[in-house]
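First up is the structure itself, then whatever we jot down about it.
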Amino acid sequence: MRLFTRQHLSFLSILLFSTGAYAQHLNDAPQPYGAIPSERQLKWHETEMYCLVHFTPTTFQNKEWGYGDAAPSLFNPKKFNALQIVSAAKSGGFKGIIFVTKHHDGFALWPTKTAAYNISESPWKDGKGDMVREFQQAASQQGMKFGIYCSPWDRNNPNYGTPAYLTIYRNQLKELYSNYGELFMSWHDGANGGDGYYGGKNEKRKVDQSSYYDWMNTWEITRELQPNASIFSDIGLDVRWVGNEKGISPETSWSTITIKGNEDKPAMPGFMDDSNLGSGTRGGKQWIPFEGDVSLRPGWFYHADQDGQVKTVAELFNIYCKSVGHGGALDLGLSPTTEGILHPKDVNTLTAFGKLIKQVFAHNLAKEAKISVSNVRNKQQASFGPNNLTDASRYSYWATDDAVHHATAQLDFKKTVHFSIIQLRENIKLGQRIDSVGIDIFSNNKWKELAKATSIGSNRIIRLPQAETTKRLRIRVYAPVAIALSEIGLYLEPEIKSAETENTANTYSKTNWKAVSTSTITESAPKNAIDNNASTFFETKTSNFIALDFSKPLVFSAVGYLPAQDGTAAGAIEKYELLSSEDGKKWSTIATGEFSNIKANPILQRISLVQKTTARYLKLVARQTVPPAKTENKENSLLRIAEIEVFR
Ligand code: FUL
């Protein structure tokens, strides 16, 4: 019996040789530097873009946070189509779908055995439906990864706040982890507002966020049942929050971080020093890269009055460059309408964005260059050479000798190239090694610096303010250890034609208005709230309201409140009361409620009135505001208002 032909044998020897060479290559490779990603995290880095779908009875209530009291009968999407939603995400270039299986309102979108408040109580598919299953199947059909978000805070569950609820929550995770295939992410958030329906008690339940969810043991369940799922939370374990809901990180954002606790207790989601979530820590103890989460619309849930505010392709590309392009991932919120599908505007934007990404990154101009480097590891060992820099593999790399910490890679082109984006990747299996880079072009017989950057990591997109033309480009790299750069990309960004965001504001001019409060501070006076300038604000520590005199009666359908836009949510109104008056003396309440999620996402809040109101005077009273960071548990006394809007 002949086992091998000559071809077989020569193939085998090549294989053996190359396996041997590979072993040698590994042997000669630089030692990993600092914290390094796990296999699970490497897969997550490769995913780069995924979507987060919010669709619960809260959609039908036109709210951002359900209170937990919505009747299940409300939930009856007539045209629900998971495939329409998932396909739109795919057309946008997204590679995964995370479905919110239970939001803060507590309504489970799968027929859970753990709580009665679930989809089987709804009229949708006569109570026989399972939306988690439909999303899982649609994702699998489209070749996309699937993940789940199950909110720990549950404003419906009567047991919330007691140890019994933790068991319920863990059982919910077990059901989700056991019945819906392999998950690429398990998403948990730190939001915990306190008050809710809680089985009809309508009260405030405070939990000790440092211990209540016993996260380390809860996440053991994730590890056991879904070992490949990356755990997202404020602080990981695998992926961290970037500290805002704009989806972007600061310019310098390391994948390594040293998590800081709070009040001498270890850090827990919702209970931590979050000051370095955006930047990470150079040389930090753990590898926990960031996810930029942001919604395609202003809110996470669908609101018809935001149809004119779907992000433009240009905005999305900017976010992409500052999330994926800063070594993190982009998690884009999708909000089905009450029909159970995405609005055509959302679909069109996703499709156009997907086309743009494809177009930008279709051709790496650096492939046309001859690349020379100032040093190659191990006496020019080919496996560490510059050929690796344009082979589109994240893990083959150009490396320098251990003693060489400053090096250059020079790209010489036969024909001039025109580019506006430089993309760099390190081989992160060896850690985040590079400290900084400088990019120069040779122009008029001298080198001209175009850009500098830090925190390269898995992906660094440097977007130039304008396109540049050259035949010679140089990248200067500094690392405290041997350099291990895996990719250089040069791309040209086309002019992005995005339809302008429609101005559906329809607001009254504020020219003749007057604003008063009881505050006497002049530099942050009430008039700042009606000056049409979002960066100035009225701030007071002594008053809890602002009153407006329109100078004549106005007929209005809604009132807008923009919290301060300086990056801190302190002083933002969480609970409000809105009053109107004809004479400025006798006031009547026209609305009360909460501005859900304002702390994480301090965008323009809208109070839509049940019916149009006519009044000359309006008063917005803050019943509860976000306290300044250091006084989290104390009575708060800060109110900040950037703008008030009145909608016709
Ligand atoms: C936050 C929640 O409070 C929001 O409602 C939304 O679900 C967002 C993605 O996470 O923590």
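For the pair F232/D331, no side-chain contact is recorded, criterion being any heavy-atom separation below 4.5 Å from C-beta on. Residues N597 and F301 are not in side-chain contact: their nearest non-hydrogen atoms beyond the backbone lie 4.5 Å or more apart. Annotation: side chain of I36 is not in contact with side chain of K429 (no heavy-atom distance under 4.5 Å). Here the side chains of T470 and S443 are not in contact, with every heavy-atom distance at 4.5 Å or above. At least one side-chain heavy atom of V310 sits under 4.5 Å from a side-chain heavy atom of R297. L332 has its side chain out of reach of K311: every pair of non-hydrogen atoms, C-beta onward, lies at least 4.5 Å apart. Contact check for L316 versus L356: no side-chain heavy atoms found under the 4.5 Å cut-off. No side-chain heavy atom of Q286 sits under 4.5 Å from any side-chain heavy atom of R240.
Of all heavy-atom pairs between W254 and D435, the closest is CH2-O, 3.7 Å. Summarising the geometry of A35 relative to T256, their closest heavy-atom pair is CB-CG2, 4.0 Å, with the distance given to 0.1 Å. Listed here is the closest heavy atom pair of S279 and P250: N-CG, 4.0 Å. Between G181 and Q226 the shortest heavy-atom distance is O-NE2, 2.9 Å. Counting all heavy atoms, side chain and backbone alike, S323 lies closest to G247 at CB-O, 3.3 Å. When all heavy atoms are compared, the tightest approach of V313 to A352 is CG2-CB, 3.6 Å.
Rounded to the nearest 0.5 Å, atoms CG (L604) and CD (Q306) are 9.0 Å apart. Atom CG of N276 and atom CG of D274 lie 8.5 Å apart (nearest 0.5 Å). Rounded to the nearest 0.5 Å, atoms CZ (F135) and CD1 (I98) are 12.5 Å apart. The CD1 atom of I288 lies 6.5 Å from the CD1 atom of I257; values are rounded to the nearest 0.5 Å. The CD1 atom of I371 sits 5.0 Å away from atom CD1 of I488, with the distance rounded to the nearest 0.5 Å. Here R463 contributes atom CZ and I461 contributes atom CD1; the two are 9.0 Å apart, rounded to the nearest 0.5 Å.
When only modelled atom types and interatomic distance are considered, T416 and T469 share no side-chain donor-acceptor pair under 3.5 Å. Side chains of S275 and D273: a donor on one and an acceptor on the other come within 3.5 Å. Side-chain atoms of Q410 and T408 form no donor-acceptor pair, as typed in the model, at a separation below 3.5 Å. No donor-acceptor contact under 3.5 angstrom links the side chains of S253 and H326, judged on distance only. Counted by atom type alone, E368 and H363 present one or more donor-acceptor pairs between their side chains at under 3.5 Å. For D566 and T568, the side-chain atoms include no donor-acceptor pair closer than 3.5 Å. With no hydrogens or angles considered, no side-chain donor-acceptor pair links N601 and E64 at under 3.5 Å. Inspection of the Y302 and D307 side chains reveals an N or O donor paired with an N or O acceptor under 3.5 Å.
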Requested in this report: Begin from the C-alpha positions of D293 and W300 and carry the test side chain to side chain contact (heavy atoms under 4.5 Å, CB included) through to its verdict.
Outcome: CA-CA 10 Å; D293 57 64; W300 293 100; 3.7 Å; yes
Requested in this report: Please lay out, stage by stage, how S383 and Y22 fare under the test side chain to side chain contact (heavy atoms under 4.5 Å, CB included).
Outcome: CA-CA 9 Å; S383 65; Y22 185 62; over 6 Å; no
Query - Check against side chain to side chain contact (heavy atoms under 4.5 Å, CB included), D440 and E449 - result: CA-CA 4 Å; D440 312 319; E449 184 173 88; 3.6 Å; yes
Report task. Show your reasoning for whether side chain to side chain contact (heavy atoms under 4.5 Å, CB included) applies to L237 and T222. Result -> CA-CA 11 Å; L237 301 178; T222 321; over 6 Å; no
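Judged by distance alone, with hydrogens and angles left aside, the side-chain atoms of N244 form a donor-acceptor pair with the main-chain N or O of I248 at under 3.5 Å. Using a distance-only test at 3.5 Å, with no hydrogens or angles considered, a donor-acceptor pair links the side chain of R40 to the main chain of P227. Between the R377 side chain and the D28 main chain, a donor and an acceptor come within less than 3.5 Å of each other. Without hydrogens or angle criteria, Q359 side chain to P494 main chain gives no donor-acceptor distance under 3.5 Å. In this structure a side-chain-to-backbone donor-acceptor pair under 3.5 Å is present from D401 to N378. In this structure, the side chain of S420 does not engage the main chain of Q466 through any donor-acceptor pair within 3.5 Å. Here the side chain of E315 pairs a donor or acceptor atom with the backbone of T312 at under 3.5 angstrom. Remark: the backbone N or O of G385 is paired with a side-chain donor or acceptor of N388 at under 3.5 angstrom. Side-chain atoms of S486 never come within 3.5 Å of backbone atoms of Y395 as a donor-acceptor pair (strictly under, hydrogens ignored). Checked by atom type and distance alone, the side chain of E426 pairs as donor or acceptor with a backbone atom of I434 at under 3.5 Å.
Applying the side chain to side chain donor-acceptor pair (under 3.5 Å) test to every pair with at least one member in residues 87-100, sequence neighbours left out, gives these pairs: S91-T351. Within the structure, ring-ring contact (aromatic ring centres under 6.0 Å, His included) pairs that include any residue of residues 441-481 comprise H406-Y478, F442-W447 (at least two apart or interchain).
The residue from F184, W187, F94 that alone fulfils the ring-ring contact (aromatic ring centres under 6.0 Å, His included) condition with Y50 is F184. The only option from P289, S255, S458 that meets the side chain to side chain contact (heavy atoms under 4.5 Å, CB included) definition with Q432 turns out to be S255. Evaluated for a side-chain hydrogen bond (donor to acceptor under 3.5 Å, both in side chains) with D412, the options R474, K370, K471, R472 yield exactly one hit, R472. Just one of T400, I456, N427, L430 meets the side chain to side chain contact (heavy atoms under 4.5 Å, CB included) condition when paired with I483; it is T400.
Between K43 and E182 there is no salt bridge, since no side-chain N of the basic residue sits under 4.0 Å from a carboxylate O of the acidic one. A salt bridge links D238 with R223: the distance from a Lys NZ or Arg NE/NH1/NH2 to an Asp or Glu carboxylate oxygen falls below 4.0 Å.
Close placement of the W215 and H188 rings is indicated, their centers lying within 6.0 Å of each other.
Using a 30° and 60° split on the angle between ring planes, H103 and H54 fall in the perpendicular class, above 60°.
The number of heavy-atom neighbours closer than 6.0 Å to NZ of K322, taken from other residues, nucleotides and ligands shown, is 12 or below.
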